[in-house]
Each structure stands twice: as C-alpha cells, then as structure tokens.
Amino acid sequence: MIAIGCDHGGYELKEAIKKYLDENNIEYKDFGSYSSESVDYPKVAFEVATEVSLTHFEKGILCCGTGVGVSIAANKVPGIRAALVSDKFTAKATREHNDSNILCLGGRVIGEELAFMIVDIWLNTEFIGKHHTRRLEQIKDYEAY
Ligand code: RB5
C-alpha cells in the first residue's frame, strides 16, 4: 500500500498518478492536499513520511512544484530515504542502491507520462543489498546518534 501526498504545486500530478495507480490496481491512501489551493508542503510531507516510517505503508509518493521541498521535509523523519527523481535511470538506481522508500516528484518539472514511467520503475525495482546495505547502516547509525 502506497501513501501519497502533495501541495498545490504537485496537486495535478498527484491526481494523475492516482489515476495511473487505479488503472494498475495499485492500492494507495491519499493524504491530501485535495485541491490546488495554496498549502504548506511540510505538513503533508511529514504526515506521509511518518506513516511510511512507522511501516503503516510500504512506500510513499510526494509531489510538490519541484519535488525539492517535500524531499527535504520527508528526509527529516527518521527511517525515511526520500529520493527526488526526474529520470528513469535514477528511479531504478535509487531503489537498487538507496532502498528509497519515498519517491518525490516535481509537478512543475516533469510531464505526466515521464512521471508514470518513473513511478512504474520505482515501484517495481528491488534493493540489491550487498555493499549498499553497509552504506544505509551508516546513515541509520548517524540518525540514531
Ligand atoms: C510552492 O509554490 C512551491 O514552492 C512548492 O510546491 C515546492 O516546489 C517547494 O519546494
């Protein structure tokens, strides 16, 4: 189950992604926002990130204008590895190498079709472990410090 959220800058892209997830029978919960009215992105980013961090949701998708604001906020939540992605290579690599658990997208940066490809790759690529596990452990240790 995917937790999904956005601010006004990412609202249209979030709605398009929800349609894409529906068409592909992928379950999600929408944490808002629910219109293109101006809202502050940290609130929804913290909410989605906390849900993922508590393992209530397997992964999260956050959209804002650039994807940067939600990624900065989400990465403040312990256990979150939020990746801002705007290309297919990074979508694959950040799952394989970083085991990213939140995908951040910029609604004012990428088009819907590219976003769907990125979502598809990101959801269907597994973490490859090996030496990458050691690096994630280093981040986890720093977080606990
Ligand atoms: C909102 O105007 C915009 O700043 C926000 O969506 C996001 O791009 C922030 O990083």
Side-chain angles (χ1 to χ4, degrees), residues 1-128 132 135-145:
M1 176 83 109
I2 309 296
I4 187 164
C6 70
D7 75 350
H8 53 290
Y11 174 71
E12 281 182 22
L13 183 58
K14 185 205 69 174
E15 291 302 302
I17 290 171
K18 279 166 58 182
K19 204 165 161 240
Y20 179 80
L21 296 175
D22 285 335
E23 284 165 6
N24 288 280
N25 298 311
I26 298 166
E27 287 189 315
Y28 61 86
K29 181 175 173 186
D30 184 1
F31 286 82
S33 65
Y34 305 108
S35 77
S36 49
E37 194 180 322
S38 182
V39 289
D40 297 335
Y41 60 80
K43 185 175 177 287
V44 70
F46 293 147
E47 201 175 350
V48 166
T50 301
E51 292 289 331
V52 173
S53 167
L54 294 171
T55 69
H56 296 161
F57 292 82
E58 184 195 341
K59 289 190 179 89
I61 299 176
L62 286 167
C63 305
C64 68
T66 57
V68 175
V70 286
S71 65
I72 291 171
N75 275 315
K76 299 292 180 195
V77 176
I80 291 306
R81 294 175 299 280
L84 171 56
V85 177
S86 54
D87 67 275
K88 294 193 278 177
F89 174 81
T90 306
K92 185 165 182 276
T94 193
R95 284 290 310 130
E96 287 183 340
H97 295 195
N98 314 123
D99 197 17
S100 54
N101 48 14
I102 294 191
L103 173 66
C104 300
L105 299 165
R108 296 172 182 161
V109 180
I110 58 169
E112 287 180 5
E113 291 301 325
L114 176 57
F116 299 156
M117 286 178 197
I118 288 170
V119 167
D120 185 56
I121 292 167
W122 189 77
L123 289 178
N124 290 297
T125 304
E126 295 299 321
F127 177 52
I128 59 172
H132 300 292
R135 293 162 185 168
L136 297 190
E137 286 300 324
Q138 289 166 6
I139 295 170
K140 206 170 160 188
D141 289 349
Y142 183 83
E143 232 170 28
Y145 176 65

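One-based numbering, in listed order, for ligands and for the atoms of each. Scope of the values below: all heavy atoms of this structure, side chains included, with no hydrogens, waters or symmetry mates.
- The shortest N/O to N/O separation between Gly65 and ligand 1 falls below 3.5 Å.
- Closest of all the heavy-atom pairs between Asn75 and Ile80 is OD1-O, 3.4 Å.
- Counting protein heavy atoms only, atom 3 (C) of ligand 1 is closest to Arg108 NH1, 3.9 Å.
- Looking at heavy atoms from C-beta onward, Asp7 lies out of side-chain contact with Asp40 at the 4.5 angstrom threshold.
- Counting only heavy atoms of the protein, atom 7 (C) of ligand 1 lies nearest to Cys64 SG, 3.4 Å.
- Residue Gly9 places no N or O, backbone or side chain, under 3.5 Å from any N or O of ligand 1.
- Phe116 CZ to Leu21 CG: the interatomic distance, rounded to the nearest 0.5 Å, is 9.0 Å.
- Put simply, the side chain of Arg95 reaches to within 4.5 Å of the side chain of Lys59, judged on heavy atoms.
- By the definition of a contact as any protein heavy atom under 4.0 Å away, atom 10 (O) of ligand 1 is in contact.
- Among the atoms of Asp7, some N or O lies under 3.5 angstrom from an N or O of ligand 1.
- With a 4.0 Å cut-off on non-hydrogen atoms, Thr66 touches ligand 1 through its backbone as well as its side chain.
- Of all atoms in ligand 1, listed by their number and element, those nearer than 4.0 Å to a heavy atom of His8 are 1 (C), 2 (O).
- A 6.0 Å sphere centred on CD of Glu27 holds no more than 12 heavy atoms belonging to other residues, nucleotides or ligands.
- With respect to Lys140 and Glu143, no salt bridge is recorded, no charged nitrogen being found less than 4.0 Å from a carboxylate O.
- Near Tyr41, meaning under 4.0 Å from one of its heavy atoms, ligand 1 places the atoms 9 (C).
- Between Leu123 and Leu103 there is no side-chain heavy-atom pair separated by less than 4.5 Å.
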